[in-house]
Enquirer: 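Have a look at the structure that comes next, please.
Every chain is numbered from 1 and lettered A, B, ... according to where its sequence line falls, protein lines coming before strand lines.
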2 protein chains.
Amino acid sequence: MTIHDVARSAGVSRQTVSRALNDKAEIDGSTKQRVLDAARALGYRPSRFARGLVRPDTTTIGLVVPDLLNPFFTEVASGALEAARARGWHVVVHDTADDPDQELATLRVIGTQVDAVAGYFGRSDDDLARLTAGIPVVLIGREPRSPRFPGVGIDGEDGVREAVAHLVSCGHRRIGMLDGHPAPSVRRRWFLRAAAEYGVAVQPGWIAAGAQSVDGGGAALADLLAAHPDVTAVFAFNDVMAIGALREARRFGLRLPADLAVIGFDGLALGTLVEPELSSVAIDTRAVGALAVEQAARLVTGAEPLDPAELIVRARLHLRESA
Amino acid sequence: MTIHDVARSAGVSRQTVSRALNDKAEIDGSTKQRVLDAARALGYRPSRFARGLVRPDTTTIGLVVPDLLNPFFTEVASGALEAARARGWHVVVHDTADDPDQELATLRVIGTQVDAVAGYFGRSDDDLARLTAGIPVVLIGREPRSPRFPGVGIDGEDGVREAVAHLVSCGHRRIGMLDGHPAPSVRRRWFLRAAAEYGVAVQPGWIAAGAQSVDGGGAALADLLAAHPDVTAVFAFNDVMAIGALREARRFGLRLPADLAVIGFDGLALGTLVEPELSSVAIDTRAVGALAVEQAARLVTGAEPLDPAELIVRARLHLRESA
DNA sequence: TTGAAAGCGCTAACAG
DNA sequence: CTGTTAGCGCTTTCAA
């Protein structure tokens with residue numbers, strides 16, 4: 001079903017069909033209507049590729065995230081969108097549902113939709129290279145960083161240390177962690193290292209892991225407290241889990257932060273909506289997205305790419321009410 | 001910069017370049033490397049359109065939302081994503097920043113990226129028709145519904161009536177509303193009609209309007225209470241605003257729901273994270289997205305489209321703690 | 001293993 | 001106002 005079929009059906013040339021469809025001036029009203037009717041009758045839809053081939057194009061970059069329902073990723077996306085807008089570029093957001101098959105499927109089609117790709121990927125560098133076949137790729141949050149693709153890194157080490165220092169200074173000695181799958185995470189390593197520095201001997205049982213979601217955080221806290229009710233503070237893999245922990249703690253009848261102090265990671269705007277407001281090892285989520293776009297832009301235009309050191313976003317402790 | 005330039009630079013034919021880039025088998029290792037080097041040196045990137053033209057294609061639909069940071073739209077997007085996945089299709093999400101210019105820019109490029117468009121648009125039907133030039137369009141939440149494009153409608157009338165009935169049955173007589181811009185909204189009309197039915201004479205000053213955001217909701221409540229501190233309950237344009245109102249009320253030192261009852265609209269998952277948990281006139285947000293995709297799918301494949309009556313999502317009151 | 005030819009569906013430029 | 005011609009950049013036959 002091409003423009004040719006419509007042309008034949010309407011008894012005109014392809015060019016006339018094109019004119020009718022694109023609302024051009026140089027065409028007779030009745031001819032136009034006839035063409036439009038024929039197109040509708042045939043169920044004709046123009047090929048976006050053929051169009052793109054002959055029309056001036058806008059650069060668009062694809063942002064791939066594992067889960068749009070997680071506000072962390074929407075904040076990153078928002079930063080990316082804004083950075084792209086500043087250049088007059090477009091961003092389309094893809095959701096892989098945190099599923100390797102979906103990620104694969106996305107990678108297969110994305111090459112026909114965008115000029116560069118940025119985002120969160122689980123596949124190996126080799127797979128990525130093969131699937132993206134020549135279009136620029138920027139990884140976000142991949143740890144360890146890839147030698148092959150540039151990536152935006154998140155360095156939470158100092159921030160986590162601040163968090164542990166704060167908890168210790170408040171008198172906490174039994175500090176647990178709610179890790180997120182896949183565990184153990186880098187954030188856990190930062191936590192354990194900081195705890196060791198401050199003389200907190202974290203017992204293996206003080207760490208529980210759960211899905212990176214509100215419910216996962218709640219479940220992890222329940223597990224943790226069931227085995228170790230004497231833990232007085234927890235550091236969560238991210239804010240979403242921390243918020244789940246807050247809710248779970250309330251259900252347990254714990255007072256916050258008196259009975260249990262909670263510190264999250266990410267510094268989401270969401271943290272100011274819950275009660276008590278969430279303390280968090282915060283990163284500039286919008287900067288993460290903006291840097292990814294900036295690097296993608298340099299790759300696309302052939303400008304000098306940003307240096308790995310410039311592509312690191314550092315975390316800082318934001319103290320609010322929950323700790 | 002085309003495949004031709006690379007071929008010339010590497011001293012091979014275009015097909016050989018194609019083979020090298022796409023990791024095909026029938027190519028000598030050293031030739032491949034030479035081609036790859038030349039491509040890199042030239043900064044060559046294949047045209048996604050030319051590729052799309054000759055490669056089997058996956059259908060993708062574009063979902064256009066005004067603000068990805070608003071969880072309502074991410075819930076809708078999530079429903080759309082899931083419905084598309086069930087058919088093996090893809091969805092890309094576009095954010096227009098609630099800005100007519102961005103919407104225009106998006107519409108201009110979207111035709112080269114997707115096979116159908118669904119979402120929230122402010123432009124006139126004529127503009128939409130011209131800009132989308134033949135690709136199927138599904139409107140979401142447009143009120144009144146367009147005669148030209150199919151759309152998913154939201155009917156909150158019964159739900160709002162339930163909400164007002166509930167408030168009245170709890171003894172509330174001075175019930176205000178926090179409307180969202182652009183005001184007055186359809187939801188306000190539902191509210192006023194329901195209030196009239198239940199004998200509540202809503203004074204003009206009991207209605208304040210604000211941005212459709214957390215801060216907007218907080219500001220609107222502040223305005224409302226400053227002028228009419230005797231209002232004992234408010235219905236908010238949406239949950240996000242309601243949550244802002246909750247926060248503002250806490251800052252005012254009001255007890256919830258004893259001093260002020262709050263009911264939102266949308267039924268977001270977010271509502272269960274705040275304290276008190278938010279009562280809301282809830283709609284099935286995922287169904288909204290799913291219906292939009294379903295209709296787009298029918299338009300794309302030429303199947304019998306869904307009837308306007310089937311494209312309506314009705315709201316129901318979900319009572320939690322805030323009212 | 002490589003190259004030549006053909007054509008994907010569309011629109012801009014030009015001719016009529 | 002309408003049709004003809006000529007590509008856009010790429011990959012897939014098929015032949016060498």
Enquirer: Pair B:Gln15, B:Ser13 - check side chain to side chain donor-acceptor pair (under 3.5 Å), show working.
Expert: CA-CA 5 Å; B:Gln15 302 54 246; B:Ser13 71; 3.0 Å; yes

Enquirer: Looking at A:Asn70 and A:Val240, what are the two nearest heavy atoms and their distance?
Expert: OD1-CG2, 3.7 Å

Enquirer: Give a yes/no on whether any side-chain N or O of A:Ser13 is located under 4.0 angstrom from OP1 or OP2 of D:dT4.
Expert: no

Enquirer: Can you name the closest pair of heavy atoms from A:Ala211 and A:His181 and give their distance?
Expert: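 Taking every non-hydrogen atom into account, N-CD2, 3.6 Å.
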
Enquirer: Dump the pairs, protein N or O against N or O of nucleotides 13-16 of chain D, anything under 3.5 Å, distances to one decimal.
Expert:
none

Enquirer: Find the distance B:Arg8:CZ to D:dC10:P and express it as a whole number of Å.
Expert: 13 Å

Enquirer: Give me the atom names and distance for the closest heavy-atom approach of A:Ile135 to A:Val114.
Expert: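 In this case the closest contact between A:Ile135 and A:Val114 is CD1-O, 3.9 Å.
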
Enquirer: Please state how far atom CZ in B:Arg34 lies from atom P in C:dT1, giving the value in whole angstrom units.
Expert: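 From B:Arg34 CZ to C:dT1 P: 14 Å.
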
Enquirer: Without decimals, in angstroms, what is the distance between A:Met1 CE and C:dC10 C1'?
Expert: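 In whole Å, C:dC10 C1' lies 15 Å from A:Met1 CE.
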
Enquirer: B:His4 NE2 to D:dC8 P: how many Å, rounded?
Expert: 10 Å

Enquirer: Find the distance A:Ile3:CD1 to D:dT4:C1' and express it as a whole number of Å.
Expert: 14 Å

Enquirer: Provide, to the nearest angstrom, the distance between the CG atom belonging to A:Leu42 and the P atom belonging to C:dG9.
Expert: 14 Å

Enquirer: Does the ring centre of A:Tyr120 sit less than 6.0 Å away from the ring centre of A:Phe73?
Expert: yes

Enquirer: Which nucleotide in the set C:dC8, C:dT11, C:dT1 lies at the smallest distance from any side-chain heavy atom of B:Leu53?
Expert: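 Of C:dC8, C:dT11, C:dT1, C:dC8 is nearest to the side chain of B:Leu53.
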
Enquirer: Scan side-chain atoms only and decide if B:Arg286 and B:Ser78 contain a donor-acceptor pair under the 3.5 Å cut-off.
Expert: yes

Enquirer: Distance check: side-chain N/O of A:Thr16 vs OP1/OP2 of D:dG3, anything under 4.0 Å?
Expert: yes

Enquirer: Taking only the side-chain heavy atoms of B:Val12 (C-beta and beyond), determine which of D:dC1, C:dT2, C:dG3 contains the nearest atom.
Expert: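 Of the options given, the side chain of B:Val12 lies nearest C:dG3.
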
Enquirer: In whole angstrom, give the distance that lies between atom CG of A:Asp23 and atom P of C:dC10.
Expert: 17 Å

Enquirer: Pick the closest DNA chain C nucleotide for B:Ala50 and for B:Gly29 by heavy atoms, then say which residue is nearer the 5' end.
Expert: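 Nearer the 5' end of the strand: B:Gly29.
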
Enquirer: Does a side-chain N or O from B:Thr2 land closer than 4.0 Å to OP1 or OP2 of D:dG9, or not?
Expert: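 For D:dG9, neither OP1 nor OP2 has a side-chain N or O of B:Thr2 closer than 4.0 Å.
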
Enquirer: Let me know the distance between NZ of A:Lys24 and P of C:dT11, rounded to the nearest Å.
Expert: 9 Å

Enquirer: Among C:dT1, C:dT11, C:dC8, find the nucleotide with the atom closest to the side chain of A:Arg51.
Expert: C:dT11

Enquirer: Do you know the tightest heavy-atom contact between B:Leu128 and B:Arg142?
Expert: CD1-NH2, 3.5 Å

Enquirer: Determine: side-chain N/O of A:Thr31 to OP1/OP2 of D:dC1, distance under 4.0 Å, yes or no.
Expert: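 No, because none of the side-chain N or O atoms of A:Thr31 sits under 4.0 Å from OP1 or OP2 of D:dC1.
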
Enquirer: Could you tell me whether the phosphate oxygens of C:dG3, OP1 or OP2, come under 4.0 Å of any side-chain nitrogen or oxygen in B:Arg14?
Expert: no

Enquirer: Rounded to the nearest 0.5 Å, how far apart are NZ of A:Lys32 and NZ of A:Lys24?
Expert: 11.0 Å

Enquirer: Does A:Ser47 have a side-chain nitrogen or oxygen under 4.0 Å from the phosphate oxygens OP1 or OP2 of C:dG9?
Expert: no

